[in-house]
Q: 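Quick one: structure below, then a few questions.
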Amino acid sequence: MRTATLGLAQRAEALAAMAERELDVLVVGGGVVGAGTALDAVTRGLSTGLVEARDWASGTSSRSSKLIHGGLRYLEMLDFALVREALKERGLLLERLAPHLVKPVPFLYPLQHKGWERLYAGSGVALYDAMSMARGHGRGLPMHRHLTRRHALRVAPCLKKDALVGALQYYDAQMDDARFVATLVRTAASYGAKVANRARVTGFLREGERVVGARVRDVEGGGEYEIRAQQVVNATGVWTDDTQAMVGERGQFHVRASKGIHLVVPKDRIHSTTGLILRTEKSVLFVIPWGRHWIIGTTDTDWDLDKAHPAASSADIDYLLEHVNSVLAVPLARDDVQGVYAGLRPLLAGESDATSKLSREHTVAHPAPGLVVVAGGKYTTYRVMAKDAVDEAVHGLDMRVADCVTEETPLIGAEGYQALWNARARIAARTGLHVVRVEHLLNRYGSLAEELLELVAADPALGEPLGAADDYLRAEVVYAASHEGARHLDDVLTRRTRISIETFDRGTRSAREAAELMAPVLGWDADQIAREVEHYEKRVEAERESQLQPDDQTADAARLGAPDIVPL
């Protein structure tokens, strides 16, 4: 079983190794595109480094709708190429690359007009399924079906009877976006990539016009490194323009940020066996099954304030509640909302003033010798973006380089996953864990769940759930710090787990217990434990305050009341 450990020692070794010898490719940005680029480069045999200023997936890549989808609404825009590409990637992820992380999810589309709407929408969904099957990667999902109103209300009793005349049901896929990125990074590391989070690029190294590397500051240890590389790839998403400004080269395009917010509510607040997709005046609204919860999203508004911590305002929350309540028989109230999160989409500017119409295509450019920029796109097509970025970088390398192989390279945890899933009852009997706990681990870690089970075998107390977040085992917190590169409490409660959005207390009641579990792994003393807990509580307080504010400006100001934690 292929694996990789991203602990304290491995991070220090990676930074030292990157500074010691010139790399073929240095990737800047640890979101899904940057992580995918590092995996693509290293699996072509290139010496590869990856640095991220904060935590893996701490930006857009942990704050999405958590869908792997072909983009049904892009069919209506006649963007067949984008849909075809995304459907192929969806199939690859479901069937070959990450079956342990990417799962089918059903959606119900209520029809509000008799006759023409069923024909129009049904044709679109039929084409969606046909395009998926034509690529040879659609066999893992059921085909769409037409439902009468009575049948639709049996499937989704939550809907108002007068909100639909019938419905269509179709399938897409979903994943935990932050966990997916962490797995991508570990997969790249398992093939030899040197990776370090909390390593901020402060400038680029130049020799004449050519970019020959980057200056990197270790945000944790305080050291400065000069990392030289034949090609540097800027994969910083909504920070693309800021990163380019360090070089003095903006490039041929501009990246705009569009804010999308999501609400998380308990499963029992919406009585349905399927997700929902609803039309709004601007875009579409999803109600997505999420374990014991629903995710409701999203908005689509221009954002030009703080990029690190986009804030959801009271107006954003009201917008989503108003639209979802327009079809629900029992409306949701503010008190039903367990979690709220906001993310920024990196959109290529120039096509339209309205962010919902900006391009979801991606662009790769070579604005200066030695520097490649990749921007735009959507989560589902990260692998294609990564391939195109490395293809561009290869043009600047004075060597023969192999073609992309990531279409045939499963992520760690995929190998043996199905066999372990089939044996889950036997694993439960062997370990003493309930079979539901084993299923939970297999669907989060795949075959790497064996590593967590080894932790539990060594210390049975780690097989117990967290006191205030019993969906997660104590072992998962320890593993996040020892194997998955988590450096702070926020990394674990917000990204390695989803406790920050899945509990009404937003994770504050779990903070002390989680910090004490992390402490032995990361060498924290009592003072650092207290600082981690205090910082997390202040972050939650600032987010709650921002969500009471009437607009973006006041929400942003409130959220910035809790600065990022910096180690002693």
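The structure displayed is predicted, hence computed values, not measured ones. Every heavy atom of this structure was used, including side-chain atoms; hydrogens, water molecules and symmetry mates were not. Residue numbers count from 1 along this sequence.
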Q: Would you tell me whether Glu543 and Gln547 have side-chain atoms, one donor and one acceptor, within less than 3.5 Å of each other?
A: no
Q: Check the side chains of Thr497 and Arg444 for a donor-acceptor pair under 3.5 angstrom, ignoring hydrogens and angles.
A: no
Q: Decide, yes or no, whether a salt bridge links Glu451 with Arg186 under the criterion of side-chain N to carboxylate O below 4.0 Å.
A: yes
Q: Which residues satisfy the salt bridge (charged side-chain N to carboxylate O under 4.0 Å, His left out) test with Glu439, sequence neighbours excluded?
A: Arg424
Q: Regarding Lys267 and Glu502, does a basic nitrogen lie under 4.0 Å from an acidic carboxylate oxygen?
A: no
Q: Donor-acceptor pair, Trp524 side chain versus Met518 backbone, under 3.5 Å?
A: no
Q: Show your working on salt bridge (Lys or Arg N to Asp or Glu O under 4.0 Å) between Arg200 and Glu224 and close with a plain yes or no.
A: CA-CA 10 Å; Arg200 182 181 299 277; Glu224 297 277 348; over 6 Å; no
Q: If you measure from OG on Ser190 to CZ on Arg2, what distance do you get to the nearest 0.5 Å?
A: 4.5 Å
Q: Are Asp490 and Arg539 close enough, and set up right, to give a salt bridge (Lys or Arg N to Asp or Glu O under 4.0 Å), and what steps lead you there?
A: CA-CA 9 Å; Asp490 188 57; Arg539 199 212 80 176; 2.4 Å; yes
Q: Any side-chain donor-acceptor pair under 3.5 Å between Arg506 and Ser500?
A: no
Q: Can a donor-acceptor pair be found between the side chains of Ser314 and Arg334 at a distance below 3.5 Å?
A: yes
Q: Answer yes when Asp471 and Arg498 have at least one side-chain N-carboxylate O distance shorter than 4.0 Å, and no when they do not.
A: no
Q: Looking at Arg430, I'd like to know if its CZ atom is crowded, meaning that more than 12 non-hydrogen atoms belonging to other residues, nucleotides or ligands lie closer than 6.0 Å.
A: yes
Q: Could you grab the distance from atom CD of Gln10 to atom NE2 of His483, nearest 0.5 Å is fine?
A: 8.5 Å
Q: Looking at Arg179 and Glu484, does any basic side-chain N land under 4.0 Å from a carboxylate oxygen?
A: yes
Q: Mark yes or no for whether Lys307, through its side chain, and Trp303, through its backbone, hold a donor-acceptor pair below 3.5 Å.
A: no
Q: When you compare the side chains of Ser62 and Asp177, does any donor N or O come within less than 3.5 Å of an acceptor on the partner?
A: no
Q: How long is the span from the OG atom in Ser546 to the CD atom in Glu541, to the nearest 0.5 Å?
A: 11.5 Å
Q: On the six-membered ring of Tyr479, is Arg474 placed so that its NZ or CZ lies under 6.0 angstrom from the centre and within 45° of the ring axis?
A: no
Q: Does a side chain donor of either Arg383 or Thr406 reach within less than 3.5 Å of an acceptor in the other side chain?
A: yes
Q: Does the ring-ring contact (aromatic ring centres under 6.0 Å, His included) test come out yes or no for Tyr472 and His440, once each step is laid out?
A: CA-CA 9 Å; Tyr472 298 94; His440 164 87; 5.6 Å; yes
Q: Walk me through it: do Val201 and Val51 pass the test side-chain contact (heavy atoms from CB on, under 4.5 Å)?
A: CA-CA 8 Å; Val201 170; Val51 292; 3.9 Å; yes
Q: Give, for atom CG of Leu452 and atom CG of Leu441, the distance between the pair rounded to the nearest 0.5 Å.
A: 6.0 Å
Q: Count the heavy atoms of every other residue, nucleotide or ligand shown that sit under 6.0 Å from CD of Glu537, and state whether that count exceeds 12.
A: yes
Q: If every non-hydrogen atom of Ala558 is compared with every non-hydrogen atom of Ala542, which pair is closest and at what distance?
A: O-CB, 3.6 Å
Q: Let me check something: any side-chain donor-acceptor pairs from residues 17-29 under 3.5 Å, sequence neighbours excluded? List them with distances.
A:
{"from": "Asp24", "atom 1": "OD2", "to": "Ser47", "atom 2": "N", "distance (Å)": "2.9"}
{"from": "Asp24", "atom 1": "OD2", "to": "Ser47", "atom 2": "OG", "distance (Å)": "3.1"}

Q: Okay, side chain of Glu476, backbone of Leu473: is any donor-acceptor separation there less than 3.5 Å?
A: yes
Q: Side chain of Arg206, backbone of Val247: donor and acceptor closer than 3.5 Å?
A: yes
Q: Decide yes or no on salt bridge (Lys or Arg N to Asp or Glu O under 4.0 Å) for Asp491 and Arg496, but give the supporting numbers first.
A: CA-CA 6 Å; Asp491 300 344; Arg496 303 309 184 280; 5.1 Å; no
Q: Please give me the minimum heavy-atom distance between Asp316 and Thr299, naming the atom from each residue.
A: O-CG2, 4.2 Å
Q: Is it the case that the side chain of Tyr341 and the backbone of Ser64 share a donor-acceptor pair, with hydrogens and angles ignored and the cut-off at 3.5 Å?
A: yes
Q: When you compare the side chains of His488 and Gln528, does any donor N or O come within less than 3.5 Å of an acceptor on the partner?
A: no
Q: Less than 4.0 Å between a side-chain N and a carboxylate O, is that true for Asp302 and Arg256?
A: yes
Q: Report yes or no: does Thr554 contribute a side-chain atom to a donor-acceptor pair with the main-chain N or O of Gln549 at less than 3.5 Å?
A: no
Q: Please say whether more than 12 non-hydrogen atoms of neighbouring residues, nucleotides or ligands are located less than 6.0 Å from CG in Asp335.
A: no
Q: With distance as the sole test, does Arg11 use its side chain to make a donor-acceptor pair with the main-chain N or O of Asn197 at under 3.5 Å?
A: yes
Q: Decide, yes or no, whether a salt bridge links Asp470 with Arg437 under the criterion of side-chain N to carboxylate O below 4.0 Å.
A: no
Q: Has Asn422 got a side-chain atom pairing as donor or acceptor with Ala419's backbone, closer than 3.5 angstrom?
A: no
Q: Can you tell me how far the OH atom of Tyr536 sits from the OG atom of Ser510, to the nearest 0.5 Å?
A: 8.0 Å
Q: Is Arg559 salt-bridged to Asp306, cutoff N-O under 4.0 Å?
A: no
Q: Would the distance check show the side chain of Gln174 and the main-chain N or O of Val105 forming a donor-acceptor pair, the cut-off being under 3.5 Å?
A: no
Q: Do His262 and Ser65 have side-chain N/O donor and acceptor atoms under 3.5 Å apart?
A: yes
Q: Output, in order, the C-alpha distance, side-chain angles, deciding distance and verdict of side-chain contact (heavy atoms from CB on, under 4.5 Å) for Lys378 and Thr381.
A: CA-CA 6 Å; Lys378 56 204 289 281; Thr381 55; 3.6 Å; yes
Q: Is it true that a side-chain atom of Thr48 and a backbone atom of Leu46 form a donor plus acceptor pair closer than 3.5 Å?
A: yes
Q: Could you go step by step and tell me if Arg495 and Asp176 meet the salt bridge (Lys or Arg N to Asp or Glu O under 4.0 Å) rule?
A: CA-CA 9 Å; Arg495 286 173 290 278; Asp176 182 330; over 6 Å; no
Q: For side-chain hydrogen bond (donor to acceptor under 3.5 Å, both in side chains), just list the numbers for Arg217 and Thr202, CA-CA rounded to whole Å, side-chain angles, deciding distance to a tenth of an Å, and then say yes or no.
A: CA-CA 7 Å; Arg217 180 166 63 87; Thr202 58; over 6 Å; no
Q: Is the NZ or CZ atom of Lys259 positioned over Tyr319's six-membered ring, under 6.0 angstrom from the centre and within 45° of the axis?
A: no
Q: Do we see a donor-acceptor contact under 3.5 Å between the side chains of Asp40 and Tyr382?
A: no
Q: Before you tell me yes or no, could you show the steps for Leu420 and Glu450 under side-chain contact (heavy atoms from CB on, under 4.5 Å), namely the whole-Å CA-CA distance, both residues' side-chain angles and the distance that decides it to 0.1 Å?
A: CA-CA 9 Å; Leu420 290 173; Glu450 296 280 17; 3.4 Å; yes
Q: Check step by step if side-chain contact (heavy atoms from CB on, under 4.5 Å) holds for Trp239 and Asn234.
A: CA-CA 9 Å; Trp239 287 273; Asn234 174 6; over 6 Å; no
Q: Between the side chains of Thr236 and Thr243, does any donor sit under 3.5 Å from an acceptor?
A: yes
Q: From Leu517 CG over to Leu466 CG, what is the distance, rounded to the nearest 0.5 angstrom?
A: 6.5 Å
Q: Tell me the closest heavy-atom pair linking Pro266 and Trp294, and the distance in Å.
A: O-CD1, 3.5 Å
